[in-house]
Amino acid sequence: MHNPHPGLPELEYVKPASLEEASAFLVAHKGEARPFLGGTDTFVRMRDGFWKEKYLVDIKGLDGTNVITFDPAKGLTIGSAIPMNKVSAHPDVKKNYSLLAAACDTVASYQLRNRATIVGNICNASPAGDTIGACMAYGGVLTVFGAGGVRQEPLATFFKGPGKNALQTGDIVTAITFPIPPKPHSGRYMKLGRNKMSDLSIVGVTVLAYKDAAAKSGYTFKVVLASVAPVPFMAEAAQQILAEEPVTEESIGKAAEAAMQAVKPIDDVRSSARYRSYMVRNLTRQALSEVWQQVKS
Ligand SMILES: Cc1cc2nc3c(=O)[nH]c(=O)nc-3n(C[C@H](O)[C@H](O)[C@H](O)COP(=O)(O)OP(=O)(O)OC[C@H]3O[C@@H](n4cnc5c(N)ncnc54)[C@H](O)[C@@H]3O)c2cc1C
(Lines give C-alpha, C1' and ligand atoms only; values in the text may rest on other atoms or scores of the structure.)
Protein backbone atom coordinates (compact mmCIF):
# COMPACT_ATOMS: atom_id res chain seq x y z
CA MET A 1 0.00 0.00 0.00
CA HIS A 2 1.19 3.55 -0.78
CA ASN A 3 2.53 5.30 2.32
CA PRO A 4 1.92 9.08 2.02
CA HIS A 5 4.33 9.80 4.91
CA PRO A 6 7.34 7.60 4.22
CA GLY A 7 9.63 9.19 6.86
CA LEU A 8 12.65 11.42 6.50
CA PRO A 9 15.15 10.42 3.84
CA GLU A 10 18.80 10.11 4.76
CA LEU A 11 20.37 13.58 4.85
CA GLU A 12 23.36 15.41 6.26
CA TYR A 13 23.02 18.06 8.94
CA VAL A 14 25.44 20.93 8.36
CA LYS A 15 26.29 23.42 11.14
CA PRO A 16 28.47 26.18 9.68
CA ALA A 17 30.54 28.45 11.93
CA SER A 18 29.75 31.68 10.06
CA LEU A 19 27.39 33.23 7.55
CA GLU A 20 30.22 33.24 4.98
CA GLU A 21 30.71 29.51 5.44
CA ALA A 22 26.97 28.80 5.27
CA SER A 23 26.50 30.87 2.11
CA ALA A 24 29.56 29.33 0.41
CA PHE A 25 28.30 25.82 1.26
CA LEU A 26 24.89 26.57 -0.25
CA VAL A 27 26.52 27.91 -3.42
CA ALA A 28 28.92 24.96 -3.69
CA HIS A 29 26.02 22.50 -3.27
CA LYS A 30 23.44 24.28 -5.41
CA GLY A 31 20.31 22.15 -5.74
CA GLU A 32 21.46 19.77 -3.00
CA ALA A 33 21.46 22.02 0.08
CA ARG A 34 18.82 24.10 1.85
CA PRO A 35 19.02 26.53 4.79
CA PHE A 36 16.62 25.99 7.68
CA LEU A 37 15.58 27.58 10.98
CA GLY A 38 12.78 25.91 12.98
CA GLY A 39 12.41 23.19 10.34
CA THR A 40 8.62 23.05 10.73
CA ASP A 41 8.07 23.45 7.00
CA THR A 42 11.35 21.88 5.93
CA PHE A 43 11.08 18.53 7.71
CA VAL A 44 7.45 18.05 6.69
CA ARG A 45 8.22 18.76 3.03
CA MET A 46 11.20 16.40 3.15
CA ARG A 47 9.27 13.67 4.94
CA ASP A 48 6.54 13.88 2.32
CA GLY A 49 9.07 13.66 -0.51
CA PHE A 50 8.49 17.12 -2.03
CA TRP A 51 11.97 18.39 -1.15
CA LYS A 52 14.93 16.10 -1.72
CA GLU A 53 18.03 18.01 -0.62
CA LYS A 54 20.99 16.03 0.63
CA TYR A 55 22.19 18.71 3.06
CA LEU A 56 20.27 20.83 5.56
CA VAL A 57 22.21 23.89 6.64
CA ASP A 58 21.33 25.11 10.14
CA ILE A 59 21.22 28.92 10.29
CA LYS A 60 20.33 29.20 13.99
CA GLY A 61 23.08 30.81 16.04
CA LEU A 62 24.85 32.48 13.15
CA ASP A 63 25.77 36.14 13.44
CA GLY A 64 22.78 38.36 14.27
CA THR A 65 20.15 35.66 13.91
CA ASN A 66 19.48 35.22 17.64
CA VAL A 67 18.88 38.78 18.75
CA ILE A 68 15.78 40.91 18.97
CA THR A 69 16.29 44.65 19.50
CA PHE A 70 14.08 47.72 19.67
CA ASP A 71 15.41 51.23 19.13
CA PRO A 72 12.79 53.95 19.81
CA ALA A 73 14.30 56.04 17.01
CA LYS A 74 14.84 53.31 14.40
CA GLY A 75 12.45 50.46 15.08
CA LEU A 76 12.46 46.73 15.62
CA THR A 77 14.92 44.08 14.43
CA ILE A 78 14.05 40.41 14.85
CA GLY A 79 16.84 37.94 14.18
CA SER A 80 15.74 35.23 11.79
CA ALA A 81 16.17 32.40 14.30
CA ILE A 82 13.90 33.91 16.97
CA PRO A 83 10.89 31.59 17.40
CA MET A 84 7.40 33.09 17.24
CA ASN A 85 6.67 32.59 20.95
CA LYS A 86 9.64 34.79 21.82
CA VAL A 87 8.49 37.44 19.36
CA SER A 88 4.93 37.60 20.68
CA ALA A 89 6.08 37.63 24.33
CA HIS A 90 8.65 40.39 23.81
CA PRO A 91 7.56 43.56 25.71
CA ASP A 92 8.58 45.94 22.90
CA VAL A 93 6.68 43.87 20.34
CA LYS A 94 3.58 43.69 22.54
CA LYS A 95 3.71 47.43 23.17
CA ASN A 96 4.60 48.76 19.71
CA TYR A 97 3.78 46.01 17.18
CA SER A 98 0.80 44.31 18.80
CA LEU A 99 -0.61 43.20 15.44
CA LEU A 100 2.53 41.16 14.80
CA ALA A 101 2.27 39.51 18.22
CA ALA A 102 -1.39 38.69 17.56
CA ALA A 103 -0.59 37.23 14.12
CA CYS A 104 2.15 34.99 15.58
CA ASP A 105 -0.33 33.67 18.14
CA THR A 106 -2.67 32.41 15.39
CA VAL A 107 -0.04 30.00 14.02
CA ALA A 108 -0.78 26.35 14.83
CA SER A 109 -0.04 25.50 18.49
CA TYR A 110 2.16 26.86 21.28
CA GLN A 111 4.48 23.86 20.83
CA LEU A 112 4.95 24.54 17.12
CA ARG A 113 5.57 28.24 17.76
CA ASN A 114 8.47 27.31 20.05
CA ARG A 115 10.25 26.22 16.84
CA ALA A 116 8.61 28.12 13.99
CA THR A 117 10.06 31.49 13.02
CA ILE A 118 8.66 34.52 11.24
CA VAL A 119 11.50 34.47 8.72
CA GLY A 120 10.80 30.78 7.97
CA ASN A 121 7.13 31.66 7.50
CA ILE A 122 8.12 34.39 5.03
CA CYS A 123 10.81 32.41 3.14
CA ASN A 124 8.43 29.49 2.74
CA ALA A 125 6.37 31.94 0.65
CA SER A 126 3.08 30.17 1.21
CA PRO A 127 0.12 32.34 0.15
CA ALA A 128 -1.35 31.33 3.55
CA GLY A 129 1.55 32.37 5.82
CA ASP A 130 -0.14 33.87 8.91
CA THR A 131 2.55 36.34 9.96
CA ILE A 132 3.14 37.78 6.48
CA GLY A 133 0.23 40.24 6.53
CA ALA A 134 1.36 41.92 9.75
CA CYS A 135 4.96 42.00 8.51
CA MET A 136 3.84 43.68 5.27
CA ALA A 137 1.50 46.12 7.02
CA TYR A 138 4.32 47.25 9.34
CA GLY A 139 6.65 47.72 6.34
CA GLY A 140 8.98 44.79 7.07
CA VAL A 141 12.33 44.55 5.26
CA LEU A 142 14.52 41.44 5.22
CA THR A 143 18.28 41.61 5.72
CA VAL A 144 19.89 39.10 3.37
CA PHE A 145 23.46 37.85 3.52
CA GLY A 146 24.39 36.56 0.10
CA ALA A 147 27.29 35.76 -2.15
CA GLY A 148 27.28 39.42 -3.29
CA GLY A 149 27.26 40.90 0.24
CA VAL A 150 24.47 42.13 2.50
CA ARG A 151 21.31 43.64 1.01
CA GLN A 152 17.79 44.62 2.02
CA GLU A 153 14.70 42.95 0.53
CA PRO A 154 11.38 44.75 1.13
CA LEU A 155 8.49 42.33 1.57
CA ALA A 156 6.41 44.26 -0.94
CA THR A 157 8.45 42.71 -3.79
CA PHE A 158 9.67 39.52 -2.12
CA PHE A 159 6.95 37.03 -3.05
CA LYS A 160 7.05 35.62 -6.60
CA GLY A 161 4.46 32.80 -6.44
CA PRO A 162 3.47 29.89 -4.22
CA GLY A 163 6.76 28.69 -2.65
CA LYS A 164 8.77 31.19 -4.70
CA ASN A 165 10.61 34.25 -3.43
CA ALA A 166 13.31 36.72 -4.43
CA LEU A 167 16.18 34.77 -2.80
CA GLN A 168 19.04 33.37 -4.89
CA THR A 169 21.26 30.38 -4.15
CA GLY A 170 23.54 31.23 -1.22
CA ASP A 171 21.20 33.88 0.20
CA ILE A 172 20.53 33.69 3.92
CA VAL A 173 18.00 35.91 5.65
CA THR A 174 19.54 37.06 8.92
CA ALA A 175 16.81 39.37 10.23
CA ILE A 176 13.63 41.28 9.57
CA THR A 177 13.40 44.96 10.50
CA PHE A 178 10.42 47.24 10.96
CA PRO A 179 10.32 51.05 11.12
CA ILE A 180 8.71 52.78 14.10
CA PRO A 181 4.97 52.26 13.62
CA PRO A 182 2.54 55.20 13.60
CA LYS A 183 1.33 56.09 17.09
CA PRO A 184 -1.37 55.30 17.90
CA HIS A 185 -2.45 52.63 15.46
CA SER A 186 -4.92 49.81 15.52
CA GLY A 187 -4.57 46.40 13.87
CA ARG A 188 -6.59 43.25 13.40
CA TYR A 189 -5.74 39.87 11.88
CA MET A 190 -8.73 37.75 10.96
CA LYS A 191 -7.85 34.14 10.20
CA LEU A 192 -10.50 31.85 8.89
CA GLY A 193 -9.48 28.21 9.28
CA ARG A 194 -11.24 24.87 9.42
CA ASN A 195 -10.45 24.60 13.12
CA LYS A 196 -8.84 26.72 15.80
CA MET A 197 -5.53 24.85 15.94
CA SER A 198 -2.91 23.62 13.54
CA ASP A 199 -4.63 24.58 10.32
CA LEU A 200 -3.58 26.91 7.56
CA SER A 201 -5.94 29.74 6.77
CA ILE A 202 -8.77 29.53 4.25
CA VAL A 203 -8.65 33.32 4.18
CA GLY A 204 -6.40 35.72 6.11
CA VAL A 205 -7.21 39.42 6.35
CA THR A 206 -4.80 41.84 8.01
CA VAL A 207 -5.82 45.45 8.63
CA LEU A 208 -3.75 48.24 10.17
CA ALA A 209 -5.08 51.80 10.55
CA TYR A 210 -3.85 55.13 11.85
CA LYS A 211 -4.47 58.87 11.63
CA ASP A 212 -2.61 60.38 8.68
CA ALA A 213 -2.69 64.09 7.89
CA ALA A 214 -1.35 63.38 4.39
CA ALA A 215 -4.44 61.32 3.45
CA LYS A 216 -7.56 63.15 2.23
CA SER A 217 -9.76 61.17 4.62
CA GLY A 218 -7.34 61.85 7.49
CA TYR A 219 -6.60 58.13 7.90
CA THR A 220 -4.50 55.41 6.32
CA PHE A 221 -5.74 51.82 6.25
CA LYS A 222 -3.42 49.00 5.19
CA VAL A 223 -5.19 45.87 4.01
CA VAL A 224 -3.23 42.68 3.30
CA LEU A 225 -4.93 39.55 2.00
CA ALA A 226 -3.63 35.99 2.31
CA SER A 227 -4.70 32.58 0.95
CA VAL A 228 -6.66 34.17 -1.88
CA ALA A 229 -4.01 34.67 -4.60
CA PRO A 230 -0.64 33.12 -5.55
CA VAL A 231 1.06 35.52 -3.10
CA PRO A 232 -0.07 37.59 -0.10
CA PHE A 233 -0.76 41.12 -1.34
CA MET A 234 -1.91 44.60 -0.39
CA ALA A 235 -5.46 45.37 -1.53
CA GLU A 236 -4.57 48.74 -2.99
CA ALA A 237 -7.98 49.75 -4.35
CA ALA A 238 -9.51 49.15 -0.91
CA GLN A 239 -6.76 51.20 0.73
CA GLN A 240 -7.27 54.04 -1.74
CA ILE A 241 -11.01 54.27 -1.12
CA LEU A 242 -10.42 54.77 2.59
CA ALA A 243 -7.61 57.24 2.01
CA GLU A 244 -9.74 59.41 -0.28
CA GLU A 245 -13.33 59.13 0.91
CA PRO A 246 -14.62 60.04 4.35
CA VAL A 247 -14.48 56.91 6.47
CA THR A 248 -18.06 55.76 7.05
CA GLU A 249 -19.92 52.48 7.15
CA GLU A 250 -20.62 52.99 3.44
CA SER A 251 -16.99 53.57 2.37
CA ILE A 252 -15.88 50.64 4.55
CA GLY A 253 -18.40 48.45 2.70
CA LYS A 254 -17.09 49.78 -0.62
CA ALA A 255 -13.49 49.03 0.39
CA ALA A 256 -14.45 45.49 1.45
CA GLU A 257 -16.11 44.99 -1.93
CA ALA A 258 -12.94 46.27 -3.68
CA ALA A 259 -10.87 43.79 -1.64
CA MET A 260 -13.10 40.97 -2.85
CA GLN A 261 -12.71 42.11 -6.46
CA ALA A 262 -8.91 42.02 -6.12
CA VAL A 263 -8.58 38.34 -5.13
CA LYS A 264 -7.73 35.40 -7.39
CA PRO A 265 -8.61 32.44 -5.17
CA ILE A 266 -8.45 28.73 -6.00
CA ASP A 267 -10.56 25.73 -5.05
CA ASP A 268 -8.62 23.38 -2.80
CA VAL A 269 -9.05 20.95 0.09
CA ARG A 270 -9.67 23.79 2.51
CA SER A 271 -12.30 25.76 0.62
CA SER A 272 -13.95 26.63 -2.66
CA ALA A 273 -12.76 29.77 -4.47
CA ARG A 274 -16.27 31.24 -4.22
CA TYR A 275 -16.43 30.88 -0.44
CA ARG A 276 -12.97 32.45 -0.16
CA SER A 277 -14.07 35.48 -2.19
CA TYR A 278 -17.15 36.16 -0.10
CA MET A 279 -15.27 35.67 3.13
CA VAL A 280 -12.66 38.21 2.03
CA ARG A 281 -15.42 40.76 1.70
CA ASN A 282 -17.05 39.86 5.02
CA LEU A 283 -13.86 39.62 7.08
CA THR A 284 -12.38 42.76 5.54
CA ARG A 285 -15.52 44.71 6.41
CA GLN A 286 -15.47 43.34 9.94
CA ALA A 287 -11.76 44.05 10.46
CA LEU A 288 -12.05 47.56 9.01
CA SER A 289 -15.06 48.36 11.19
CA GLU A 290 -13.30 47.14 14.31
CA VAL A 291 -10.08 49.11 13.75
CA TRP A 292 -12.08 52.17 12.73
CA GLN A 293 -13.91 52.18 16.08
CA GLN A 294 -10.50 52.30 17.76
CA VAL A 295 -8.63 54.84 15.63
CA LYS A 296 -11.43 57.38 15.35
CA SER A 297 -11.79 57.76 19.14
C1 LIG B 1 1.57 21.06 12.21
C2 LIG B 1 1.88 22.33 11.48
C3 LIG B 1 0.99 23.39 11.56
C4 LIG B 1 1.28 24.60 10.90
N5 LIG B 1 0.38 25.61 11.01
C6 LIG B 1 0.65 26.81 10.43
C7 LIG B 1 -0.25 27.90 10.58
O8 LIG B 1 -1.26 27.84 11.28
N9 LIG B 1 0.08 29.06 9.95
C10 LIG B 1 1.21 29.21 9.19
O11 LIG B 1 1.44 30.29 8.64
N12 LIG B 1 2.08 28.18 9.04
C13 LIG B 1 1.83 26.99 9.63
N14 LIG B 1 2.70 25.94 9.48
C15 LIG B 1 3.90 26.11 8.64
C16 LIG B 1 5.20 26.50 9.39
O17 LIG B 1 5.15 26.15 10.74
C18 LIG B 1 5.50 28.01 9.29
O19 LIG B 1 5.59 28.41 7.93
C20 LIG B 1 6.77 28.41 10.04
O21 LIG B 1 6.75 29.79 10.30
C22 LIG B 1 8.07 28.08 9.30
O23 LIG B 1 9.16 28.53 10.11
P24 LIG B 1 10.45 27.62 10.33
O25 LIG B 1 11.42 28.43 11.09
O26 LIG B 1 10.06 26.32 10.94
O27 LIG B 1 10.90 27.42 8.82
P28 LIG B 1 11.85 26.32 8.16
O29 LIG B 1 11.10 25.04 7.96
O30 LIG B 1 13.14 26.25 8.89
O31 LIG B 1 12.11 27.01 6.73
C32 LIG B 1 11.02 27.31 5.87
C33 LIG B 1 11.54 27.72 4.49
O34 LIG B 1 12.36 28.88 4.57
C35 LIG B 1 13.67 28.62 4.10
N36 LIG B 1 14.56 29.29 5.03
C37 LIG B 1 14.62 29.07 6.35
N38 LIG B 1 15.50 29.88 6.92
C39 LIG B 1 16.02 30.64 5.94
C40 LIG B 1 16.98 31.70 5.94
N41 LIG B 1 17.56 32.13 7.05
N42 LIG B 1 17.29 32.26 4.77
C43 LIG B 1 16.69 31.84 3.62
N44 LIG B 1 15.77 30.87 3.58
C45 LIG B 1 15.42 30.26 4.73
C46 LIG B 1 13.82 27.11 4.12
O47 LIG B 1 14.79 26.65 3.19
C48 LIG B 1 12.41 26.68 3.80
O49 LIG B 1 12.21 26.81 2.40
C50 LIG B 1 2.47 24.73 10.13
C51 LIG B 1 3.38 23.65 10.06
C52 LIG B 1 3.09 22.47 10.73
C53 LIG B 1 4.07 21.34 10.66
Side-chain angles (χ1 to χ4, degrees), residues 5 8 11 13-14 16 19 22-23 25-27 29 31-48 50-53 55-66 78-88 100 102-135 142-147 150-151 153 158-160 162-176 189 191-204 206 226-227 232 270:
H5 301 304
L8 272 180
L11 52 87
Y13 170 84
V14 180
L19 287 169
S23 178
F25 188 92
L26 290 166
V27 171
H29 296 85
E32 292 186 313
R34 171 181 292 277
F36 81 102
L37 290 162
T40 61
D41 279 312
T42 302
F43 287 110
V44 173
R45 301 294 284 174
M46 295 200 72
R47 178 200 65 184
D48 293 350
F50 293 109
W51 293 350
K52 299 178 190 299
E53 281 82 359
Y55 305 99
L56 285 188
V57 182
D58 195 347
I59 303 306
K60 294 182 288 296
L62 296 182
D63 204 14
T65 59
N66 273 336
I78 301 173
S80 57
I82 306 281
M84 290 182 187
N85 281 341
K86 273 202 178 155
V87 174
S88 63
L100 180 60
C104 285
D105 288 346
T106 68
V107 173
S109 59
Y110 185 86
Q111 289 85 342
L112 186 113
R113 297 192 298 270
N114 271 340
R115 299 295 298 177
T117 63
I118 291 178
V119 165
N121 199 225
I122 291 168
C123 292
N124 194 49
S126 160
D130 280 314
T131 66
I132 296 173
C135 290
L142 300 174
T143 303
V144 182
F145 182 98
V150 176
R151 67 177 197 280
E153 284 280 354
F158 184 72
F159 302 102
K160 303 297 180 193
K164 296 197 176 81
N165 61 40
L167 298 178
Q168 306 293 321
T169 303
D171 281 349
I172 295 163
V173 178
T174 57
I176 180 163
Y189 178 51
K191 172 177 179 175
L192 177 67
R194 290 173 300 185
N195 57 46
K196 289 226 176 287
M197 257 178 76
S198 271
D199 197 20
L200 294 175
S201 66
I202 292 171
V203 166
T206 305
S227 278
R270 293 201 298 283

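Counting starts at 1 for both ligands and their atoms, in listed order. Please read all numbers here as calculations on a predicted model, not as lab measurements.
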Heavy-atom neighbours of [X] [atom1] exceed 12 at 6.0 Å:
{"X": "Arg270", "atom1": "CZ", "result": "yes"}
{"X": "Lys60", "atom1": "NZ", "result": "yes"}
{"X": "Asn66", "atom1": "CG", "result": "yes"}
{"X": "Lys160", "atom1": "NZ", "result": "yes"}

Counting heavy atoms only, which of [options] is nearest [atom]?
{"atom": "atom 26 (O) of ligand 1", "options": "Leu37, Val107, Thr40, Val119", "result": "Thr40"}
{"atom": "atom 32 (C) of ligand 1", "options": "Gly120, Ala125, Ala175", "result": "Gly120"}
{"atom": "atom 9 (N) of ligand 1", "options": "Ile122, Asp130, Leu56", "result": "Asp130"}

Give the minimum heavy-atom separation between Glu53 and Glu32, together with the two atoms involved.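 Closest pair (atom of Glu53, atom of Glu32, distance): CB-O, 3.4 Å.
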What distance separates [X] [atom1] from [Y] [atom2], expressed to the nearest 0.5 Å?
{"X": "Leu26", "Y": "Ile59", "atom1": "CG", "atom2": "CD1", "value": "6.0 Å"}
{"X": "Leu56", "Y": "Tyr13", "atom1": "CG", "atom2": "OH", "value": "9.5 Å"}
{"X": "Asp58", "Y": "Thr42", "atom1": "CG", "atom2": "OG1", "value": "10.5 Å"}

Just to check, does Arg45 reach to within less than 4.0 Å of ligand 1 when the distance is taken from its heavy atoms? no
[X]: numbered ligand 1 atoms lying under 4.0 Å from its heavy atoms:
{"X": "Gly38", "value": "24 (P), 25 (O), 26 (O), 30 (O)"}
{"X": "Phe36", "value": "30 (O), 37 (C)"}
{"X": "Gly129", "value": "11 (O)"}
{"X": "Cys123", "value": "34 (O), 35 (C), 36 (N), 43 (C), 44 (N), 45 (C)"}
{"X": "Ala108", "value": "3 (C), 4 (C), 5 (N), 7 (C), 8 (O)"}
{"X": "Leu200", "value": "6 (C), 7 (C), 9 (N), 10 (C), 12 (N), 13 (C)"}
{"X": "Met84", "value": "21 (O)"}
{"X": "Val44", "value": "53 (C)"}

With a 4.0 Å heavy-atom cut-off (strictly under), which part of [X] contacts ligand 1: side chain, backbone, both or neither?
{"X": "Trp51", "value": "side chain"}
{"X": "Thr131", "value": "neither"}
{"X": "Gln111", "value": "neither"}
{"X": "Leu112", "value": "side chain"}

For [X] and ligand 1, does the shortest N/O to N/O distance drop below 3.5 Å?
{"X": "Val173", "value": "yes"}
{"X": "Thr42", "value": "yes"}
{"X": "Gly39", "value": "yes"}

Treating Ser23 as the side-chain partner and Gly170 as the backbone partner, does any N or O pair qualify as donor plus acceptor under 3.5 Å?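 It does hold such a pair.
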Do any N or O atoms from the side chain of Ser227 and from the backbone of Ser201 form a donor-acceptor pair under 3.5 angstrom?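 Here the side-chain-to-backbone pair exists.
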So Met84 and Asn121, side chain to side chain contact (heavy atoms under 4.5 Å, CB included) or not? Walk me through it. CA-CA 10 Å; Met84 290 182 187; Asn121 199 225; 4.0 Å; yes
Counting C-beta onward and ignoring hydrogens, is there a side-chain heavy-atom pair between Ile118 and Leu100 closer than 4.5 Å? yes
